[in-house]
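Counting convention: from 1, in listed order, for ligands and their atoms alike.
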Amino acid sequence: MCIFCKIINREIPSNIILENEDFLAFHDINPKAPVHVLAIPKVHVDSFNEVAPEIMKNMTKFIQDVAKEMNIDKSGYRVITNVGENGAQEVKHLHFHIFGGAKLSWSHLSDANPKSMI
Ligand code: 5GP
Ligand code: ZN
């Protein structure tokens, strides 16, 4: 069983922010911003590549609710999901990073030439 499935099953402790029948949101163990929350579906899906649009419909609302719960909906935030090798995905259970609580930078993503595919 993957690490996030274990968090869902309470086999691994986490700091939960919001939960319903289908989704769970908890603080990232290694935060990269004052607010760094992970939102996940309770059903195991490897990544964004495999997720059904029907799940994303309710996932969208859940992420919006997390932003409200963390009081960052008005000040602004960033939603990221890493996919696969080049996306630097470490945990193979679909998760959305929700960052906020401060002005976020938007700069260095890769050492490769960003114009090489244009
Ligand atoms: P990824 O690189 O796969 O997009 O992000 C995985 C995230 O999960 C990382 O930000 C990492 O800090 C977080 N993480 C990994 N293991 C745990 C854990 O056991 N508990 C919590 N709360 N976060 C975790
Ligand atoms: Zn899982």
Query raised in the report: Would you call Asp28 and Lys32 a salt bridge, using N to O less than 4.0 angstrom?
Result: no

Query raised in the report: Would you call Glu19 and Lys42 a salt bridge, taking side-chain N to carboxylate O under 4.0 Å as the test?
Result: yes

Query raised in the report: Checking Lys103 side chain against Gly100 main chain: does a donor-acceptor pair fall under 3.5 Å?
Result: no

Query raised in the report: Would you call the rings of His36 and Phe99 parallel, tilted or perpendicular, where under 30° means parallel and over 60° means perpendicular?
Result: tilted

Report task. Output the atom name for the N/O/S atom of His93 with the smallest distance to the Zn ion (ligand 2). Result -> ND1

Report task. If the plane angle is over 60° it's perpendicular, under 30° parallel, otherwise tilted; pick one for His95 and His97. Result -> perpendicular

Query - Angle subtended at the Zn ion (ligand 2) by SG of Cys5 and ND1 of His44, nearest 10° - result: 110°

Report summary line: Chain-and-number sorted residues having a heavy-atom contact under 4.0 Å with ligand 1 are Ile3, Phe4, Ile7, Phe26, His27, Asp28, Ile29, Asn30, Leu38, Asn82, Ala88, Gln89, Glu90, Val91, His95, His97

Query raised in the report: Would His93 and Cys5 satisfy side chain to side chain contact (heavy atoms under 4.5 Å, CB included), going step by step from the backbone distance to the final call?
Result: CA-CA 8 Å; His93 180 129; Cys5 282; 3.5 Å; yes

Query raised in the report: Is a donor on one side and an acceptor on the other found under 3.5 Å between the side chain of Asn9 and the backbone of Glu11?
Result: no

